[in-house]
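All values derive from a computational prediction rather than experimental measurement.
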Amino acid sequence: MGVLPVPAEVRAILLDIEGTTTPIAFVQETLFSYIKDNVKEYLRAHWEEEECQRDVGLLRKQAQEDSSLDGAVPIPLESSSGEEELERVIQAVVDNVHWQMSLDRKTMALKQLQGHMWRAAYATGHVKGEIFEDVVPAIRKWREAGMKVYIYSSGSIEAQKLLFGYSTEGDILELFDGHFDTKIGPKVESESYRRIAASIGCATNNILFLTDVPREASAAEEADTHVAVVIRPGNAGLTDDEKSYYSLISSFTELFLPSST
Ligand SMILES: CSCCC(=O)C(=O)COP(=O)(O)O
Ligand SMILES: [Mg+2]
């Protein structure tokens with residue numbers, strides 16, 4: 001097991017979810033499959049609700065912005081009332097969601113709908129958020145040492161709270177001091193990390209960001225945030241350059257805080 005000393009100036013640890021706290025397989029095979037299998041039924045059942053109409057409105061706006069992309073699926077407005085017209089629009093939303101998911105897009109519109117759909121799956125016990133076994137004990141230790149702990153994921157804040165609120169380890173939301181999603185900015189843009197630091201009330205170099213994605217690590221580093229790339233079973237491989245450039249950990253227990261004994 002390796003040891004990665006945490007710089008003394010670090011006051012907060014910022015955690016990615018997919019590939020960092022949580023297996024990619026759970027996100028792809030359980031969470032994303034649930035969306036693909038249930039989106040049509042969900043839209044039919046909730047279509048008249050305000051929240052669902054807001055989600056569809058966001059998806060429609062995103063579809064307009066995406067119109068020049070290869071394979072993009074437009075979402076028409078309902079041009080008349082009636083079952084057939086409703087089915088036509090719902091099918092367009094379903095096709096748009098499937099298209100976005102086939103590219104693993106991280107648009108806010110897609111992530112909002114996904115978060116709302118997962119609510120029922122978690123609340124009924126159909127799904128439990130999977131977390132690597134080293135995560136909870138390590139976070140408890142960091143917090144005892146005075147470290148603040150935050151989440152930053154492309155999944156919506158609502159989806160993050162569901163995953164940790166209904167996790168295999170129980171409700172562990174108390175372990176986090178706050179949550180960020182792409183409303184603060186995309187994870188591959190350095191400005192997002194400056195905004196997160198401002199929101200936490202610290203400098204960017206008071207934060208250590210743990211992620212599985214080198215492009216996210218690079219953006220954070222550009223903002224002067226400390227980074228480590230997390231290697232977990234099922235994560236995408238790193239290039240030799242990435243392996244030699246970034247600090248790497250394969251378990252949260254490898255982080256060594258200056259105050260740790
Ligand atoms: C909050 S659970 C769903 C995660 C998700 O939708 C996603 O796109 C994963 O992104 P991350 O930034 O956590 O790698
Ligand atoms: Mg990730």
Side-chain angles (χ1 to χ4, degrees), residues 1-4 13-37 66 69-71 97-111 114-115 118 127-136 138-139 149-156 159-160 163-164 167-168 179-182 184-193 196 207-223 225-255:
M1 190 183 79
V3 171
L4 179 67
I13 299 183
L14 183 64
L15 300 172
D16 163 65
I17 295 181
E18 185 184 15
T20 297
T21 63
T22 295
I24 289 182
F26 169 72
V27 175
Q28 301 284 333
E29 289 160 28
T30 301
L31 291 182
F32 289 177
S33 294
Y34 178 87
I35 301 294
K36 288 177 202 152
D37 294 347
D66 291 342
L69 299 182
D70 215 22
V97 165
H98 280 227
W99 171 69
Q100 287 205 57
M101 291 187 73
S102 71
L103 301 172
D104 196 17
R105 297 193 77 214
K106 307 290 185 187
T107 64
M108 208 192 298
L110 176 64
K111 296 295 159 185
Q114 288 178 337
W118 288 323
V127 167
K128 273 195 195 309
E130 277 182 34
I131 296 161
F132 288 110
E133 63 178 9
D134 52 283
V135 170
V136 170
I139 295 177
V149 181
Y150 296 87
I151 297 290
Y152 181 27
S153 169
S154 301
S156 68
Q160 298 172 21
L163 193 150
F164 295 114
S167 85
T168 46
H179 296 256
F180 298 97
D181 61 17
T182 56
I184 201 110
K187 295 174 79 184
V188 292
E189 286 181 10
S190 55
E191 193 52 32
S192 306
Y193 299 87
I196 287 173
I207 299 174
L208 169 65
F209 177 48
L210 305 183
T211 179
D212 59 318
V213 177
R215 275 185 72 211
E216 295 173 2
S218 164
E221 203 180 48
E222 208 182 303
T225 294
H226 296 277
V227 297
V229 172
V230 183
I231 297 172
R232 296 289 200 182
N235 283 7
L238 302 174
T239 65
D240 287 342
D241 283 352
E242 287 163 347
K243 279 187 210 157
S244 57
Y245 181 79
Y246 289 109
S247 299
L248 306 175
I249 58 168
S250 55
S251 161
F252 285 6
T253 57
E254 291 170 30
L255 287 190

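No more than 12 heavy atoms of other residues, nucleotides or ligands shown are found within 6.0 angstrom of NZ on Lys128. For Glu191, the CD atom is densely surrounded, since the number of other residues' heavy atoms within 6.0 Å is greater than 12.
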Trace of the side-chain contact (heavy atoms from CB on, under 4.5 Å) decision for Val127 with Trp118: CA-CA 8 Å; Val127 167; Trp118 288 323; over 6 Å; no
Trace of the side-chain contact (heavy atoms from CB on, under 4.5 Å) decision for Val3 with Glu254: CA-CA 5 Å; Val3 171; Glu254 291 170 30; 5.9 Å; no
Test side-chain contact (heavy atoms from CB on, under 4.5 Å) applied to Leu103 and Leu69, step by step: CA-CA 12 Å; Leu103 301 172; Leu69 299 182; over 6 Å; no
Evaluation steps, side-chain contact (heavy atoms from CB on, under 4.5 Å), between Tyr193 and Leu14: CA-CA 10 Å; Tyr193 299 87; Leu14 183 64; 4.2 Å; yes
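Across all their heavy atoms, Gly115 and Ala159 have their closest contact at CA-CB, 4.0 Å. The minimum heavy-atom distance between Val135 and Ile131, with the atom names listed, is CB-CG2, 3.5 Å. Pairing each heavy atom of Ile151 with each of Gln160, the nearest pair is CG2-OE1, 3.2 Å. Gly19 and Asn235 get closest at one heavy-atom pair: O-ND2, 2.9 Å. Among all heavy-atom pairs drawn from Trp99 and Asp70, the shortest one is NE1-O, 3.6 Å. In this structure, Thr22 and Glu130 approach most closely via the heavy-atom pair OG1-O, 2.9 Å.
Ring planes of Phe180 and Tyr152: perpendicular class, angle over 60° (limits at 30 and 60°).
By the 4.5 Å heavy-atom criterion applied to side chains, Lys111 and Asp181 are not counted as neighbours. Side-chain atoms of Phe132 and Pro233, non-hydrogen and from C-beta on, do get closer than 4.5 Å to each other. Between Ile196 and Thr225 there is no side-chain heavy-atom pair separated by less than 4.5 Å. Contact check for Leu15 versus Phe252: side-chain heavy atoms found under the 4.5 Å cut-off. Two residues are said to be in side-chain contact when any heavy atoms from C-beta on lie closer than 4.5 Å; Gln100 and Thr107 meet this criterion. Within the 4.5 Å cutoff, no side-chain heavy atoms of Asp16 are placed close to those of Val230. The shortest distance between side-chain heavy atoms of Leu110 and Val97 falls below 4.5 Å. The shortest distance between side-chain heavy atoms of Gln114 and Leu31 does not fall below 4.5 Å.
Results of the side chain to side chain contact (heavy atoms under 4.5 Å, CB included) test with Asp212 over Ile231, Ile24, Leu238 single out Ile24 as the only residue that passes.
Here NE2 of His179 is found 10.5 Å from OH of Tyr150. Values are rounded to the nearest 0.5 Å. Separating the CZ atom in Phe209 from the OG atom in Ser192 is a distance of 9.5 Å, to the nearest 0.5 Å. Atom-to-atom distance recorded for Lys106:NZ and Lys187:NZ is 7.5 Å, nearest 0.5 angstrom. Atom-to-atom distance recorded for Leu210:CG and Leu4:CG is 8.5 Å, nearest 0.5 angstrom. Here the OG1 atom belonging to Thr21 is positioned 10.0 Å from the CG atom belonging to Asp134, to the nearest 0.5 angstrom. Here the CZ atom belonging to Arg215 is positioned 9.5 Å from the CD atom belonging to Glu189, to the nearest 0.5 angstrom.
Under the 6.0 Å distance and 45° angle rule, Arg105 does not count as a cation-pi partner of Phe32.
Of the charged side-chain nitrogens involved, none lies within less than 4.0 Å of a carboxylate oxygen, so that Lys243 and Asp241 do not count as a salt-bridged pair.
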